Amino acid sequence: MKVVASAKKLAVPAILLVGCALSCSVSNSNLVDRYVELVVMYVGINFILTLSLNLVNGYMGEFSVGHAVFMAIGAYTSAIITVKVFSLSLGPWIFPLAVLTGGMASALAGLLVAIPSFKIRGDYLAIVTLAFNMIVKSIIENVDFLGGPRGYLGIAKLTSLVWVFFFSFMALWVIRNFVYSNYGRGVVSIREDETAAIIMGVDTKKVKIMTFMLSSFFAGVAGALYAHLLQFISPKSFDILKSTEILIMVYLGGIGSIAGSVLGASVYTVLLELLRPLGIWRMVIMPLVLVFLMIFRPKGITGLREFKWFIPSAEKKIKLFKHKV
Amino acid sequence: MDLLKITGLTHYFGGLRAISDFELTVNSGEIYGIIGPNGSGKTTLFNLITAVYRATSGSILFKGTEITTMSSDRINALGIARTFQNIRVFNGLSVLDNVRVAQFNKFQYNILEALFNLKSFKKDEALVTERAWELLKSFNLDHRAYDLAGTLPYGLRRYLEIVRALATEPSLVLLDEPAAGMNQVEISKMIETVKDIRNKYGVAVLVIEHQMSLIMGICEKLKVLDFGVTIAGGLPKDVRKDAKVLEAYLGSEVMD
Amino acid sequence: MKNKLNRILMLAMAVSLVLISTAGCSKKDSSVKAEADVIKIGVIAELTGEIPAVGASCKNAAEMAVKTLNDSGGLEVGGKKMKIKIQIEDNAGRAEQAASSAQKLITQEKVVAIIGPNSSGGAIPTSEITETAKIPMITPWSTNPKTTIDTRLGKPKRYAFRACYLDSFQGQVLALFAKNTLHAKKAAILFDSSSEVLKGQAEVFKNTFEKNGGSVSAYETYTQGDRNFSAQLTNIKNSTPDVIFLPSYYSDVPLEVQQAHRLGITTPFLGSDAWASSELLKLCGKDCDGYYFSSHYSASSKSPDTIKFVKDYEALYKNTPDDVAALTFDAFGIVFEAIKAAGSAESEAIRNAISKIKGYHGVTGNISFTGETGDPVKGVVILEIKNGAFNWYTDVNP
Amino acid sequence: MRLGLSYLIQQFLNILQLGSLYALIAIGYTMVYGVLSLINFAHGDVFMLGAFIFFLAALWLKLPFIPALIVTVCVTVCVGVLIERLAYRPLRNAPKMSAVITALGVGVFLENFTLALSPYPQHIPEIVKNRAWVMGQVTVSSIQTIIIAISVTLMVILDFLVRKTRFGMALRAISWDISAVPLMGIPVNRIISQTFALGAALGGAAGVMYSLAYPVIDPYMGIMIGWKAFISAVVGGIGNVRGAMTGGFILGTVEIAVTMFLPSTYRDIVAFTLLFVLLIFRPHGIFGTARSVKL
């Protein structure tokens, strides 16, 4: 028994270490096609985005439609740090710090949505998030320091497969811990019945702040990875179309499920690349696939279930979260 | 000391007076009943105590603290828990999680400890889970602990609500029609449960009920409301004989 | 239940992995086999997304350029005739898709050069990838100075070229044209502030115009997708300018001009290369008559190359070629010329040959590269809209 | 900037024109939301289809204005009903958000399908002779007049339909409680189809008038205006027809007023910040009310 327990304790760092080593050797050797590697990195970034939005839209049952705004804040903050604040030679070492700072800046911005959410709910909160997305995009367009609509340039290519793996894994692990803690139960209780939750002692304001901040933190992390992968960001990269793309990945995969986010992000990203030979018809077929998937699997691919590895061992026996609506 | 002391409580819905000049004192460990015809303002009273509504005037003191302007979760942290007339368990959470989430105020760990799965987090989680199991066992709900609350039958959901309320470690529980829709056998089981709440957990109970058998079986004191006005109060045997009460109930329900 | 989900997850992951790798491998095999007598060039175009018309023109011109060459027997490389094959990828007008298209073209299709993307938002990330992979790329239409410059090092990128002139040059030419030829003292500007290109043009115009003694009486903006300009135009009307500089995409121009006329504005408009599409004539009707704009080329040019290009294009696509089409055609011309000069279809040799091109007679005028930067030396054409046609007015060379 | 009376009148006319178009499209959102609690994101693209069908009717069939308008409205009604049948009805009992995502998918499909057939923007021929009447410094155009007149007429008719007819009563009953309605003998499916038909008709009509005012049409024209109409519907209180009309005019006013007084670069920042603030003070829009919860 003891051996099993200590093995379990080591599982998380072990997976992290092996994964990092593996992704490091893959990107340094020529084993994997650069294109495949790039697509895998897109999948990772999209997974972080999807999972972080899932926290708000799936677990908490709100409808945030402006998730790209947090990505933008993380991307711009981290880019400024690696370009303006620290010299180029320090870049690679400062990178994880820049990513985390980007995430924190974005988490602070998450407060701006969390506080209205105390009073505003449902479709009205959706409009608040939409408005926030438009406001920030418009501000970036008007600030010359950020390059305006021309975009922010001179970003070094610091995102590698290793970092994408590392941050995807951290997002998965941290959000899993959150979801299966009492904060996470509080989040679901807000979705199920906010009035009852607050009467039963759930500090709903605190839970909402935590959820929005955690969600926007990881969106910011994804934004930072995105910026240092493409080496170019502009307000257009974070417009309402990007937000709807993330939204589609969340509902395609399945709400309130970490496995759903893994599947939603991978299926969407890979399909978009696989359909390339269709040329202009790719973007006609893609939404059709989505509509058919929704009709035949209205609850997303995972349909509210969870992959058992993602559930902490103490919680395994519990039947899974099911959705009211 | 008085546990709950309500003085001059008045509440308006628009122009309609739902509760007027209400007075109530509940002592520790007491079982107090509130009866009255439909629409007499009983549930409104509970909603005022738990801050779902804000009182137009008057004061509510709990353990000597003014709670009239407090938020619902703070009031709960002070020691008031309740159940609802139309059951409101968290259908999408498991039975166990329903009981665990109600211990929100009991958690010592902070957000970072939770996010990084640290020792203090695991210790607290284990403690809270154990307490949840104990409660579930003593109310015979443990065999359904892993099921979603939404899949429980009506009667069990009523008990789950009571367990959830007790999980917040209250000193006063407000029960809103706990025996609604129950038959005589089930009612007598509920009577035992309510007595248990007081005797085993030392919690005072304020109960609203239409089922006179339950009220008369357990309440030490009674208050009768009609159209928001207190028309009688005192010991159950005195209230039963009160002329005004008989008049208010005439035709609507036969007492006992 | 849970087991089923595990299986679904595993299956999905396995399937997608297999699909990606087989897609990659099969492509690799075919390209290895075909490599002997075919040169592969990649095209990244905005077929969907916000500027699909640009992508459509780019695709048309690319297909025509390659077809013309292959029909004439192919390209002479080191004494051997070789055919050209193009692979067109859609970037949906988004940066990340431009990057993945470029990476796919390079690693899976093994192209020797890339033409495109046209928008700077796509061209900049693409140029970063081609720079690493050492594959030359020519963007037909991205006028952003940063496309060919490595901002971090402050040096020109080695493998990034463009077929068009720079915005700064165009803005200066237009400001001087307004001041000297149109004799304007007060100018109003209305532009799409969400477009990096148009905002740049407006800024350069404003600076140059003010430096040369003019004044800007109104500086109004709108955002992509706006259709109602009445508020801005009313402001402009009240500032009584002599000329209105309108760096707007051709699809917006007719709306702006017609709404201005409806509001009783009679001040002449002056446009930039964003006007240059034959669609403008159809869309604008008589409303745009008498206005001037700058362009990369003139379809009514008397140069025999241009006449042939316009005739061929019209025969194929029933449409007058716009400047994106002309620039794409020239980008292909430059690559073909470079392959011929280098006598090799190696990327590095092509890159070196492109940087040495002098006085290439393109559809859009004479194009030379200095060898130092990827920006060509070429002139601006000023066109006048008259009787429903674009007429050549003057050439301004650097 | 001179703020003469004529300037204000001119801008007021601009507000009326823009606002009535927003209002017409917003009604489509709000009615569908009322019966199904579904944000019909494909509505902006039905509006776009309206403009394209009008273009085809005018160019190919060479129809004059009124017949072309009628043909367009008929076709968009069919499209609207078809979308409901094929894409939304199978999801009637699914989670609400799945239907919303389906709507997004249908919208993207309509956009890119149109794009694949016509990558270049199209120009609407001058089907209505445009005249401009100059009164002092104010210019009134015939197209402006037509747009405002038709929109207002349509809105009055719709308001009458919702408030006074059996259909309207059924509509309001469904939006109150869809599960109780079949018990009262109301054919739910038929009413929902009719609602979609009506919404699509207004969207199509708005597309026609939009392309009169702004005669360059492209497949993506519905995205931005769709979002803005959705915002109008929410500002007015979603589910409320009069609220949607008011919301449309409010959004039009804010957009134009901001451009009047501030550099237009800041229009979006100011307009959306106002929206943000409005929702903080009126969390359910202007006409919306919180559904009270019974404990």
Side-chain angles (χ1 to χ4, degrees), chain A residues 8-9 11-12 58-59 61 107 118 170-171 173-207 209-211 213-214 217-218 255-256 304 312-325, chain B residues 46-47 50-52 71-78 80-84 87-98 100-107 109-118 121-122 124-126 128-129 145-151 161 164-165 167-170 174:
Chain A
K8 264 185 188 151
K9 214 178 269 174
V12 169
Y59 290 96
F118 297 162
M170 286 312 280
W173 186 63
V174 166
I175 289 179
R176 182 205 75 159
N177 289 343
F178 179 79
V179 166
Y180 290 101
S181 78
N182 227 27
Y183 293 103
R185 284 170 220 130
V187 171
V188 181
S189 75
I190 289 176
R191 181 188 74 203
E192 294 294 322
D193 190 336
E194 188 170 348
T195 318
I198 189 168
I199 291 172
M200 296 327 290
V202 177
D203 188 344
T204 52
K205 285 183 180 170
K206 189 171 167 190
V207 169
I209 287 179
M210 294 296 171
T211 313
M213 283 181 83
L214 190 64
F217 174 84
F218 277 108
I255 47 174
L304 315 176
S313 47
E315 313 286 330
K316 282 227 162 82
K317 282 187 190 152
I318 294 175
K319 302 241 169 82
L320 280 146
F321 295 149
K322 199 176 157 191
H323 288 258
K324 194 172 55 172
V325 189
Chain B
F46 275 17
N47 285 340
T50 53
V52 178
S71 70
S72 303
D73 57 320
R74 298 268 300 110
I75 293 172
N76 177 270
L78 270 180
I80 300 182
R82 72 175 278 188
T83 67
F84 301 89
I87 304 168
R88 298 179 77 158
V89 294
F90 305 120
N91 291 327
L93 281 173
S94 68
V95 169
L96 178 64
D97 280 348
N98 263 279
R100 286 199 288 185
V101 76
Q103 302 178 60
F104 197 88
N105 286 315
K106 307 295 169 293
F107 280 70
Y109 60 77
N110 64 31
I111 180 80
L112 288 177
E113 288 165 331
L115 292 185
F116 294 102
N117 205 4
L118 299 184
F121 162 75
K122 284 188 210 160
D124 261 22
E125 278 282 310
V128 162
T129 310
Y146 293 129
D147 290 343
L148 289 177
T151 61
E161 260 204 327
R164 185 177 68 174
T168 66
E169 291 187 339
L174 317 180

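Letters A, B, ... are given to chains in the order of the sequence lines, protein chains preceding strands, and every chain is numbered from 1. These numbers were taken from a predicted model, which means no experiment stands behind them.
At a 4.5 Å heavy-atom cutoff, the contact between Leu214(A) and chain B is made by side-chain atoms alone. For Ala114(B), the parts lying near chain A are the backbone and the side chain together; criterion is any non-hydrogen pair under 4.5 Å. Both the backbone and the side chain of Tyr109(B) come within contact range of chain A, with heavy atoms under 4.5 Å apart.
Atoms CD1 and NZ, from Ile111(B) and Lys206(A) in turn, are 8.0 Å apart once rounded to the nearest 0.5 Å. With values rounded to the nearest 0.5 angstrom, Arg185(A) atom CZ is found 10.5 Å from Phe104(B) atom CZ. Expressed to the nearest 0.5 Å, how far CG of Asp97(B) lies from CD of Glu192(A) amounts to 11.5 Å. Rounded to the nearest 0.5 angstrom, Leu93(B) CG and Asp193(A) CG are separated by 11.0 Å. A distance of 6.0 Å separates CZ of Arg176(A) from CG of Asn117(B), quoted to the nearest 0.5 Å.
Inter-residue side-chain proximity for Asn182(A) and Glu125(B) is flagged as met; some heavy-atom pair is nearer than 4.5 Å.
Few gaps surround NZ on Lys106(B); more than 12 heavy atoms of other groups in view lie less than 6.0 Å from it.
With respect to chain A, the highest number of heavy-atom pairs below 4.5 Å among Asn110(B), Val95(B), Ile75(B) belongs to Asn110(B).
Annotation for Gly92(B) and Val188(A): closest pair O-CG1, 4.5 Å, computed over non-hydrogen atoms. A pairwise comparison of heavy atoms in Ala165(B) and Met200(A) identifies CA-CE, 3.5 Å as the closest pair. Taking every heavy atom of both residues into account, Leu115(B) and Trp173(A) meet most closely at O-CZ3, 4.3 Å. Shown here for Phe121(B) and Ser181(A), the closest heavy-atom pair between the two residues is CE1-CB, 3.4 Å.
When each of Asp203(A), Thr204(A), Ile199(A) is tested with Ser72(B) by the rule side chain to side chain contact (heavy atoms under 4.5 Å, CB included), just one qualifies, namely Ile199(A).
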